[in-house]
S.K.: 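So that we are looking at the same thing, I have put the structure below in structure tokens.
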There are 2 protein chains.
Amino acid sequence: MSNFSIYDVSQKSGVSTATVSRVLNNSPRVSQKTREKVLQVMREMDYVPNAYAQGLIKNKTKTIGILYPDVANTYVTRTVFFVEKILKANHYFSLLSCTGYSFEEKKLRLKMMLGQKVDGVVLLSSSYTEADSEHNRYIVECAKKIPVICVNGHVEGPNIYNILCDDLDATYRAAKGLIRSQERGRIIYLYSRDTYSNKLKIQGFLKAMLENNIPVWADSIQMCGGDVEGALDRMFQDPNAKPIGAIMASGDTIAMKALKYMEKRKISVPEQVQIIGYNNVEWGQYTTPTLTSVDAQIEQISSTAVKTLLDVLNGREASQLTMYPGSIIKRESTRESFNVEEPNVI
Amino acid sequence: MSNFSIYDVSQKSGVSTATVSRVLNNSPRVSQKTREKVLQVMREMDYVPNAYAQGLIKNKTKTIGILYPDVANTYVTRTVFFVEKILKANHYFSLLSCTGYSFEEKKLRLKMMLGQKVDGVVLLSSSYTEADSEHNRYIVECAKKIPVICVNGHVEGPNIYNILCDDLDATYRAAKGLIRSQERGRIIYLYSRDTYSNKLKIQGFLKAMLENNIPVWADSIQMCGGDVEGALDRMFQDPNAKPIGAIMASGDTIAMKALKYMEKRKISVPEQVQIIGYNNVEWGQYTTPTLTSVDAQIEQISSTAVKTLLDVLNGREASQLTMYPGSIIKRESTRESFNVEEPNVI
DNA sequence: TTGTAAGCGTTATCAC
DNA sequence: GTGATAACGCTTACAA
């Protein structure tokens, strides 16, 4: 029932706890004979060292905290798993914490991670990047103690490392492609919530519109939360509205809901309305028509995030900002004539 | 940079560490005045207690280990997040570990969790239930130290608690519904890999077939891994094969791939072929036609799993086996005439 | 190459 | 109510 300690092992193998510890830590200062004897005893007792005692003295726990806002967001959840997988491959544990979107809760959870003595922390999602940089101070404070990795967010400060997808440029290029491929009809941008990342996407959208002298109306850019039907109803049912030729979405779920909406209203995609999603989730391949989407390079970003973290933890140099271009995956919800430029490398 | 300890707090507030500890643990044996002073100092210093020191002496860490096999499986990942969310709401941390499907790796990861001194462990997925019960001994051994919760698996032993969906009965009822709703054509069962849960589903499928005197051929039940196209090609391209009237899948991804296959081959669903998935993932609503699927009650099961764990940790009674009936969600990939019976409550 | 002993930050058991 | 002080299981000088 009860677990064995290093003391039990030392007793049974007739050496001191110091020697057992040396064996445990692969110290060269142990004779081959002693080492084998101790290892044998450990195996017999099925001894497992207490990570809490080790963490207490070493002040390193081989554990990384992962904060994420939401279980419903596929982009976030996929990233969590990639990060955990790569961390594990590097012999780190992952301590999870779902924080929600409330500022106070995010702050509290980060503080609790500090109590858990994690060696570093990963903030997954742009929702940890507040508009008012004063509100990011709790992150800057945290970074004084342990390295902070922002995935798809951007917080400036020492010991903070940002890895993100160039959402602005990807959205810009997608919007530009849409403009070139269609003669008429408005282009609508639908997004879920006000996050740092969505703000960038909207900027990219606007940039493409303005550069091409396309007028943008108040309802051209709409926050819809989960209610995509409602937002589309308002636009498609309005008899005075200019006809709509394309819909861009900040996420694939919104785009898929739009696809279903068109199917129900017998509006053909992509002939009458083109649709583009974001994140390139697997299920975009199974809709009818299949969904054109922006691949935000989750795997690439996750692995760079972990690599950066390990570099920092091991005292190596690391870049404080790494940006990947998004890749636009062309499928059936856009026309043949829809094409995009190469990314603007920064 | 460096963190404060209980000692720093005691110095600054002019009391002993014992008193600070009492304040920390809400002991009634502290005067109101002292308590407030100490709390004030803690706030000023932004003090966070070291969970490792606490865990060392208390031998409780308020941390639960979650083992899961695979990041690609939506059922698994959704459950991870539900469980973590509920654990967090109950002030527990979640330590993740993705184990893969290799037996040795599963064993190693569980052992490492023990070293992390988790208060309990959750095994997510039936893949932790080995066919040969001798191979489950490492789980039984672990349960001598901490409670083990098997989600959608079934391991017998003291201190092991199983929470699962009645996959056998759900598949049985779905298959029976299919049989009643169609005059002719074979019913095919497609599954991904040999797991405990898939074995039960196949049993349910067979039960329905045999009870209704439907012949089952060697290729009526096929393991297809990820290659659904290949499996379907073999059956649909074979000129001698009896025509196929329905496909049941062990998971929704397989079913969605089958849906796409039919679309490409211009086989109408559900008129010519009916299709049923399993797990009821969100994206089944966005395919054309929408996907009929078995809801495996992930939320319900996750919350019962955590509730059971907390009951055990708090010395309350808990049932060693909790089974929920699956609920069949009827959508467009099955015919109007497809109907299922009420679950056989056990 | 090995052992002794101090100390990591807490809590718990005593006294007072 | 409060304060010493001994644990908890481990690592690491320092000695031997």
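Proteins get letters first, then strands, A, B, ... in listed order; numbering begins at 1 in each. None of the values given here were measured: they were computed from a predicted structure.
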S.K.: Is a donor from one side chain sitting under 3.5 angstrom from an acceptor on the other, for A/Lys144 and A/Asn159?
M.R.: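 Note: A/Lys144 and A/Asn159 side chains miss the donor-acceptor criterion.
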
S.K.: What's the OH-C1' distance between B/Tyr7 and C/dG7, to the nearest Å?
M.R.: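 Whole-Å distance recorded here is 14 Å.
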
S.K.: Has A/Ser5 got a side-chain N or O lying under 4.0 Å from the OP1 or OP2 atom of D/dG9?
M.R.: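 Checking D/dG9 against A/Ser5, no side-chain N or O comes under 4.0 Å of OP1 or OP2.
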
S.K.: Would you mind telling me which residue lines up with the more 5' stretch of DNA chain D, A/Asn50 or B/Arg35, judged by nearest nucleotide?
M.R.: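 Nearest-nucleotide comparison on DNA chain D picks B/Arg35.
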
S.K.: From OH of A/Tyr52 over to P of C/dT10, roughly how many Å is that when rounded to an integer?
M.R.: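 Computing the A/Tyr52:OH to C/dT10:P distance gives 14 Å.
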
S.K.: Starting at CD of B/Glu36 and ending at C1' of D/dG1, how long is that distance when rounded to a whole Å?
M.R.: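 Those two atoms, CD and C1', are 15 Å apart.
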
S.K.: Write down the distance between NZ (B/Lys37) and C1' (D/dG1), rounded to a whole number of angstrom.
M.R.: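 That distance rounds to 12 Å.
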
S.K.: Rounded to whole Å, please give me the gap between CG in A/Asn3 and P in D/dC8.
M.R.: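 Value for this atom pair: 14 Å.
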
S.K.: Base contacts versus sugar-phosphate-only contacts with protein, heavy atoms under 4.0 Å: please encode nucleotides 11-16 of chain D as B, S and - from 5' to 3'.
M.R.: BBB---

S.K.: C/dT1 C1' sits how many Å from A/Arg29 CZ, rounded?
M.R.: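 Checked: the CZ to C1' distance equals 9 Å.
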
S.K.: Hey, is B/Asp311 close enough to B/Lys307 for a salt bridge, meaning N to O under 4.0 Å?
M.R.: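 Yes, B/Asp311 and B/Lys307 are salt-bridged.
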
S.K.: Considering heavy-atom distances to DNA chain D, does B/Asn59 or B/Ser16 have its closest nucleotide positioned more toward the 5' end?
M.R.: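 Between the two, 5'-proximity favours B/Ser16.
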
S.K.: Within 45 degrees of the axis of the six-membered ring of B/Tyr128 and under 6.0 Å from its centre: does B/Lys106 put its NZ or CZ there?
M.R.: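 Checked: cation-pi criterion met.
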
S.K.: Does the side chain of B/Thr304 pick up a donor-acceptor pair with the side chain of B/Tyr324 at under 3.5 Å?
M.R.: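 There is such a pair (donor and acceptor under 3.5 Å, judged by atom type) between the side chains of B/Thr304 and B/Tyr324.
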
S.K.: Measure the distance from CG on B/Leu56 to P on C/dC8 and round it to the nearest whole Å.
M.R.: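 Rounded to whole Å, this separation is 14 Å.
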
S.K.: When you measure from the side-chain N and O atoms of A/Thr34 to the phosphate of C/dT2, is any distance below 4.0 Å, counting only OP1 and OP2?
M.R.: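 For A/Thr34, the contact criterion (side-chain N or O under 4.0 Å from OP1 or OP2 of C/dT2) is met.
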
S.K.: Over how many whole Å does the gap from A/Gln32 atom CD to C/dT2 atom P extend?
M.R.: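 For the pair A/Gln32 CD and C/dT2 P, the rounded distance is 11 Å.
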
S.K.: For A/Ser197 and A/Thr195, which I'm curious about, is there any donor-acceptor pair between the side chains at under 3.5 Å?
M.R.: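 No, A/Thr195 and A/Ser197 have no side-chain donor paired with an acceptor closer than 3.5 Å.
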
S.K.: Can you find a side-chain donor-acceptor pair between A/Arg43 and A/Gln40 that sits under 3.5 Å?
M.R.: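 Side chains of A/Arg43 and A/Gln40: pair found under 3.5 Å.
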
S.K.: Is it the case that the side chains of B/Glu84 and A/Tyr68 hold a donor-acceptor pair, with the cut-off being a distance below 3.5 Å and no angle test?
M.R.: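 Indeed, the side chains of A/Tyr68 and B/Glu84 share at least one donor-acceptor pair under 3.5 Å.
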
